[in-house]
Amino acid sequence: MNNPIELSLEQQFSVHSFASQVQGMSHDQAKDFLVKLYEQMVVREATYKELLKHQWGLDSGTTLA
C-alpha cells in the first residue's frame, strides 16, 4: 500500500469546508471538538471490527486486536 489514496473533489471540498469551520472556533471549542471527533473514530473502528467478526463468522468468543 505504497500509493496514497486520492480524495474525490467532493471529499477535498469537505476537508476544505471542515478546515474553514475549525478556523472560526475558539481554542477551547476546537479542543472539545477534537475529543468528540476522536471518540467517534474509536466507535467507528469498534463497529467495523464487530461487523467484520460477524461477517467472517468469528462472533463465537474470538477477538480482533
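Residue indices begin at 1 and follow the sequence shown. Heavy atoms only: backbone and side chains are in, while hydrogens, waters and symmetry mates are out. None of these values were measured; they are calculated from a predicted model.
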Using atom types as modelled, flag every donor-acceptor pair under 3.5 Å from a side chain in residues 13-21 to any protein atom, sequence neighbours excluded.
| unit_1 | atom_1 | unit_2 | atom_2 | d |
| --- | --- | --- | --- | --- |
| S20 | OG | H16 | O | 3.2 |

Please tabulate, one pair per line, all N/O donor-acceptor pairs under 3.5 Å involving side-chain atoms of residues 27-40, not counting sequence neighbours.
| unit_1 | atom_1 | unit_2 | atom_2 | d |
| --- | --- | --- | --- | --- |
| Q29 | OE1 | S26 | N | 2.8 |
| Q29 | OE1 | S26 | OG | 3.4 |

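Within 6.0 Å of the CG atom in L9, the count of heavy atoms belonging to other residues, nucleotides or ligands does not exceed 12.
With sequence neighbours excluded, the residues satisfying side chain to side chain donor-acceptor pair (under 3.5 Å) with S8 are Q11.
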